[in-house]
Amino acid sequence: MKTKEVIVLAFLSRTTLAPLLLTYEKESMYLHIDPQGCALFGENNPEPFYRTTEPLLLAQGIMTDSKTVHMVVLKTSGELCYTLISGSGAPQTSLLAKLDVRSTRYRRLFLFPQGKMIHIFYGYAHQSIPDLWRIEHRFWDGASWRSVHLGEVVHPREPLYHVNLDSQGNIHLLTMTFQGRHSLLFTNRFNGTFHIWGSPTETLKISDEVVDMAAFMTSDNVQYLFWVTKNLKGQFELRSAQQTDALVLTSPWHPSPAPIKTFRSPWKGIGALEINGVLWLLAHTGEETLMQNDGMGWKLVSSHTPLHSPLQWVHKGGRNAHLTYWLESQTERRAPAYYRELGFNLKKRDVPSPITFQFPPVHVIPAPPPLCPLFILNKYLPIPIRSHKFPSLRMM
């Protein structure tokens, strides 16, 4: 094999696929993903009701009601495809673009359907400048697909950015870029009414290189950011900041005065959730560490040797959505690790299936599926969240 071919294959092989747990209020689905394709499972069903056998580089999905799933996948052929799976109807797939996957790598795929609008985000870097990641936004505006370049971030491994949705339908973009001795947080907002982006603004300066980040927004528009830096002793410090009203463009970030917790090497990932007003953090290092904050500071819930494998968790509530790194339970398939600690109950069942989430009922009128011209590639066989403004984010 020629040297150039070896480099290309190594570039493609760096993508690591993890399964997806998709939840909407009390309903859940599970998307199994591997390099040969993906399979979507419903509750109490050992057989998938949707499957594709085409090799994948990236996949993302979200539930928008109990029967509707939106998916976007990047195939090894370079095809970026959006699929709508709704009720008993045949899945419909749109080919959005043909991307260069031989010399470019892609990471951190986000998907946010909003009524007739569909938002897709991803980061990509060319192998000639592997540390420079460009952030792309593709969206369906109700009439056509559009593409917007949102800027660049510098990081040697991953494009550090996150996307949050506020209660008024605006999208908030958080990007973290490394500037040699410090990292800079830039924020930008997509106006959900006029469908335009503002200007990126530097809102936080962080000492050292940020190696990982997570974020979410609560239903009352409090935005939380968590990040990890490596100190001079080789340890990883987990810190946080919050923005008390993300609807106000000039609302400042309030960083924690001290690390929430310090961890030993190696660092693998961080998960962040808010459930019924309680914040949860999952640090995956040489150990698995679960922490919670109910408004009285951070408390250690569990810490032990890693037992679980990575999982992506996407939850859609009445007015917001969470997408986070998590771990999958080994005792209950298709369920998140620490589901008991998080307050979830499993249905009694004879076959593996997703869990039932005990969220309070929400009266939400489901938005109609998006109306877009679909290029049919294949037809396959077939919370409300209460939050608080926490006075302290320090570990107790």
Side-chain angles (χ1 to χ4, degrees), residues 20 22-29 31 40 50 59-73 80-97 109-122 135-148 150 162-174 188-198 215-221 223 246-247 313-323 357 359 361-376 383-385:
L20 283 167
L22 311 179
T23 59
Y24 177 83
E25 297 182 16
K26 295 182 179 181
E27 306 294 331
S28 63
M29 295 186 186
L31 184 67
L40 183 65
Y50 172 85
Q60 189 55 265
I62 189 170
M63 292 178 67
T64 51
D65 61 44
S66 61
K67 297 182 179 179
T68 303
V69 176
H70 302 252
M71 289 177 50
V72 60
V73 300
L80 181 69
C81 298
Y82 161 78
T83 298
L84 173 65
I85 306 168
S86 182
S88 59
Q92 295 179 305
T93 298
S94 307
L95 175 62
L96 306 186
L109 189 60
F110 287 81
L111 171 63
F112 289 96
Q114 291 181 286
K116 293 183 179 181
M117 296 197 66
I118 307 163
H119 300 273
I120 298 169
F121 298 84
Y122 57 86
I135 310 302
E136 193 79 9
H137 176 210
R138 293 180 181 268
F139 67 101
W140 173 258
D141 62 5
S144 61
W145 286 98
R146 299 171 59 185
S147 182
V148 179
L150 295 177
H162 198 89
V163 184
N164 287 322
L165 181 68
D166 68 31
S167 63
Q168 295 188 2
N170 303 308
I171 292 177
H172 297 254
L173 175 70
L174 311 178
N188 200 351
R189 187 167 77 172
F190 181 82
N191 188 297
T193 302
F194 298 102
H195 307 161
I196 57 173
W197 282 99
F216 60 77
M217 187 176 296
T218 64
S219 58
D220 59 354
N221 303 307
Q223 192 164 209
L247 294 180
W313 190 349
V314 184
H315 175 69
K316 180 69 173 69
R319 293 189 297 172
N320 60 359
H322 288 5
L323 189 154
F357 295 87
F359 296 132
V362 186
H363 300 291
V364 178
I365 300 175
L371 303 175
C372 59
L374 295 176
F375 174 72
I376 305 300
I383 130 185
I385 297 182

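Quick caveat: nothing in here was measured; it's all calculated off a predicted structure. Computation of the quantities below employed the complete heavy-atom set of this structure, encompassing side-chain atoms and omitting hydrogens, waters and symmetry-equivalent molecules.
Considering all non-hydrogen atoms of both residues, Ser28 and Thr23 come closest at CB-CG2, 3.8 Å. Residues Leu174 and Ala215 approach most closely at CD1-CB, 3.7 Å, considering heavy atoms. Across every non-hydrogen atom of Asp141 and Met117, the tightest pair is CA-CE, 4.1 Å. Summarising the geometry of Ile62 relative to Pro113, their closest heavy-atom pair is CG2-CD, 3.4 Å, with the distance given to 0.1 Å. The minimum heavy-atom distance between Gly192 and Asn170, with the atom names listed, is N-OD1, 2.9 Å.
Partners of Phe121 by ring-ring contact (aromatic ring centres under 6.0 Å, His included), not counting sequence neighbours, listed by chain and number: His137. Taking the side chain to side chain donor-acceptor pair (under 3.5 Å) definition, one finds that Gln223 meets it with Asn164, Gln243, sequence neighbours left out. Residues meeting the side chain to side chain donor-acceptor pair (under 3.5 Å) test with Arg138, sequence neighbours left out: Tyr122. Residues meeting the ring-ring contact (aromatic ring centres under 6.0 Å, His included) test with His172, sequence neighbours left out: none. A search for side chain to side chain donor-acceptor pair (under 3.5 Å) contacts involving Ser66 returns nothing, not counting sequence neighbours.
Using a 3.5 Å distance cut-off with no hydrogens or angles, the side chains of Thr83 and Thr93 do pair a donor with an acceptor.
A 4.5 Å side-chain heavy-atom check between Leu84 and Tyr82 finds at least one atom pair inside the cut-off.
Phe139 and Phe190 have perpendicular rings, their planes meeting at more than 60° on a 0 to 90° scale where under 30° would count as parallel.
Atoms CE and OG1, on Met29 and Thr68 in that order, are 8.0 Å from each other to the nearest 0.5 Å. Atom-to-atom distance recorded for Leu323:CG and Leu20:CG is 8.0 Å, nearest 0.5 angstrom. We find the CD1-CH2 distance between Ile118 and Trp145 to be 4.0 Å, quoted to the nearest 0.5 Å. Taking CD1 of Ile135 as the start and CG of Asn188 as the end, the distance is 12.0 Å to the nearest 0.5 Å. Between the CG atom of Asp166 and the CZ atom of Arg189 there is a distance of 6.5 Å, given to the nearest 0.5 Å. Distance check: Ser167 OG to Met217 CE gives 8.5 Å after rounding to the nearest 0.5 Å.
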Under the criterion side-chain contact (heavy atoms from CB on, under 4.5 Å), I'd like the reasoning laid out for Ile171 against Trp197: C-alpha separation, chi angles, the key distance, then a yes or no.
CA-CA 9 Å; Ile171 292 177; Trp197 282 99; 4.2 Å; yes
Go through Thr193 and Gln168 one step at a time and tell me if the side-chain contact (heavy atoms from CB on, under 4.5 Å) criterion holds.
CA-CA 9 Å; Thr193 302; Gln168 295 188 2; over 6 Å; no
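Ring centroids of Phe110 and His162 are separated by less than 6.0 Å, placing the two rings close together.
When each of Gln114, His70, Lys316 is paired with Thr64, the side chain to side chain donor-acceptor pair (under 3.5 Å) condition holds for His70 and for no other. Of the residues Leu96, Val72, Val73, the one that meets the side-chain contact (heavy atoms from CB on, under 4.5 Å) test with Cys81 is Val73.
In terms of modelled atom types and a separation under 3.5 Å, the side chain of Asn191 and the main chain of Gly198 share no donor-acceptor contact. Of the possible polar contacts, none joining the Gln60 side chain to the Leu111 backbone as a donor-acceptor pair under 3.5 Å is found.
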